[in-house]
Structures are given as structure tokens and as C-alpha cells.
Amino acid sequence: MPRKLCSDCLLTFVQEPLKGIIVVPDLNEPIIIQYHSAAPYQGDLRKIIHMVKYEGDQMLALDLPPLLIPALRLSLDNERDNILVPVPLHPDKLRERGFNQCHVLARGLHLLATTTGADLRLAPDLLMRTIYTRPQKGLKAIERQANVAGAFSTRARLKGEHIIILDDVLTSGATISTCARVLLQSGASKVSALTLGRASWRNQQFSSAPPAETWEQHGIVSHQF
């Protein structure tokens, strides 16, 4: 049965958003993009995201956009047009799951943000996922990057906009950096990332965190600042 989050439960997640950088490789020179995440990917938030993604609880996903508002405020760029772009699912995965949780989050967040006067456009179809990839869960950082290499594309020609990529969880940054590369090559002047949860290396099934000198090679998350 679909579940709902009460207002008291939502308040337990309210905190200062997490922030850091992701390095996007394989361009003329590495590009640094900022990310903001609503909360650590742990405890009740982790359980809720699992209910949405793996139990198909779309109703629960509808309650989550308010958690992203503080992180979104930090992500907006007053000098550019801001476009919110959810990470897409492959059409086969979309049929399996029945909905894209990132699209649900993006629609709700856009509605909340524009109601309060934020300069934000929503482009749910700007990115396409053209390769059906295996789940990222359990893969090492380098494997994650290889798994999503070439998996995204866009038909759009951008004109210097600021794209905010929305995903549910940020782990190694492989998916975000792959999407960012496509968008930058298509004409975006700036890309940022916005996620509900920020996973810690300690919470992942990795043998170890990658050494710092490999971050630029593999486009993965650097330390928080």
C-alpha cells in the first residue's frame, strides 16, 4: 500500500545541505561542477528512497520535493537561465519500474520553486538514456564510470544555460559526470548537480575509495567543502 510522510517526519530530514565537487573528465580540460544534496544517504532517508525505487511507492516520492528546496536555493545561478533536468531511465527500465522517481521529484520541485518565484525551467526530456546499463549498486567507482559511458544523449542545442541535473542519490558521481559531459558538449555554459541523498564511501560495497589522483581521470566525487 502506498505510504505518506507526515510533516513531522519531513522535519527530521531538514538540515544544512551537503555540498562538494565532481570532476568531469574527457573534455578539452577537466570541468569542476558543484553538487548539493539534501541529506546523507542513510537511516530513514535511505529506507524511503529504497521504498520508492524498489517497491514502486510513487505516492511516497510525491512527498519528497520539499526536502530539496534548501539545496536548490544554493544551486540556482542568478546570472544564467536555470533548467532542471532529471536523470532519465532507459525506456525498458521505465516500463519495468512504471515511473521515473527523478521525474516525480523534478515535477514536484519545479512546482514548489516556481510558486515561490524561483527562476527555473523544467526540461524532463532534455536527456535521453540510450543504453540499458546494469545497476550501479555494488560497483567500484571506475566500474561505475565504465558502466554509464555513452549511456546518455540529447538532441537539444543549448545556448549557455545553467543545467541542474537532478538525481535521487549521489555516490561516485559517475552518472552525473556522464550527463554533464553531454550537456556541456551540447552548449550548456554551466552544470550543477542536485540530489536527495549523498552516499558515503563507508556505506558502499567498495573495496576502497579511489585515490585522489584518479578523481580527474574517472570523473568522480571529490571531498565536501
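All residue numbers in this chain count up from 1 along the given sequence. When reading the values below, keep in mind they use all heavy atoms of this one structure, side chains included, and skip hydrogens, waters and symmetry mates.
Contact of the Pro40 side chain with the Leu18 side chain is registered, since non-hydrogen atoms from C-beta on lie closer than 4.5 Å. Between Leu105 and Pro65 the shortest side-chain heavy-atom distance falls below 4.5 Å. Side-chain contact between Met128 and Arg155 is present, with heavy atoms from C-beta onward closer than 4.5 Å. Side-chain atoms of Leu196 and Leu68, non-hydrogen and from C-beta on, do get closer than 4.5 Å to each other. A heavy-atom distance below 4.5 Å is found between the side chains of Pro86 and His103.
When all heavy atoms of Arg157 and Gln185 are compared, the pair lying nearest together is NH1-O, 3.7 Å. Contact between Ala106 and Leu122 at its shortest, heavy atoms only, is CB-CD1, 3.8 Å. Of all the heavy atoms in Gly160 and Arg80, the pair that sits closest is O-CD, 4.0 Å. The two residues Ala193 and Ser75 come nearest to each other via the heavy atoms O-OG, 4.4 Å. Cys179 and Ile165 make their closest contact through CB-CD1, 3.7 Å (heavy atoms, listed as atom of the first residue, atom of the second, distance).
The hydrophobic cluster containing Leu89 does not contain Val182, counting ILVMFWY residues as joined when their side-chain heavy atoms lie under 4.5 angstrom apart, directly or transitively. Under a hydrophobic-cluster definition in which Ile, Leu, Val, Met, Phe, Trp and Tyr are linked whenever side-chain heavy atoms come within less than 4.5 Å, directly or via other members, Phe99 and Met51 are assigned to the same cluster. In the hydrophobic cluster analysis, where Ile, Leu, Val, Met, Phe, Trp and Tyr join through side-chain heavy atoms closer than 4.5 angstrom, Leu74 is grouped apart from Ile22. Follow the hydrophobic side-chain contacts under 4.5 Å out from Leu194 and you never reach Leu111; the two are in separate clusters.
Asn100 contributes a side-chain N or O that, together with a main-chain N or O of Val87, makes up a donor-acceptor pair within less than 3.5 Å. Remark: side-chain polar atoms of His110 are paired, donor with acceptor, to backbone N or O of Leu120 under 3.5 angstrom. Of the possible polar contacts, one joining the Thr154 side chain to the Leu126 backbone as a donor-acceptor pair under 3.5 Å is found. Side-chain N or O atoms of Asn82 include one that pairs as donor or acceptor with a backbone N or O of Asp77 at under 3.5 Å.
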Quiz item: Under the side-chain contact (heavy atoms from CB on, under 4.5 Å) criterion, do Leu84 and Ile164 qualify, and how do the steps go?
Solution: CA-CA 5 Å; Leu84 184 65; Ile164 303 173; 4.0 Å; yes

Self-check item: Residue pair Arg129, Phe152: steps toward the side-chain contact (heavy atoms from CB on, under 4.5 Å) verdict
Solution: CA-CA 5 Å; Arg129 194 164 193 147; Phe152 300 94; 3.5 Å; yes

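A side-chain contact (heavy atoms from CB on, under 4.5 Å) with Ile176 is found for one member of Thr171, Val191, Asp167 and no other, namely Asp167. For the side-chain contact (heavy atoms from CB on, under 4.5 Å) test with Leu64, the passing option among Asp168, Val104, Ile48, Leu109 is Ile48; the others fail.
Leu184 CG to Ile33 CD1: the interatomic distance, rounded to the nearest 0.5 Å, is 7.5 Å. Here the straight-line distance linking atom NE2 of His162 with atom NZ of Lys190 works out to 4.5 Å at 0.5 Å rounding. Atom OG of Ser37 sits about 12.5 Å away from atom NZ of Lys19, to the nearest 0.5 Å. How far CG of Leu76 is from NE2 of His36: 10.0 Å, rounded to the nearest 0.5 Å. Here the CG-CG distance, from Leu112 to Leu72, works out to 9.5 Å after rounding to the nearest 0.5 Å. Taken to the nearest 0.5 Å, the NE2 atom of His90 stands 7.0 Å off from the OG1 atom of Thr130.
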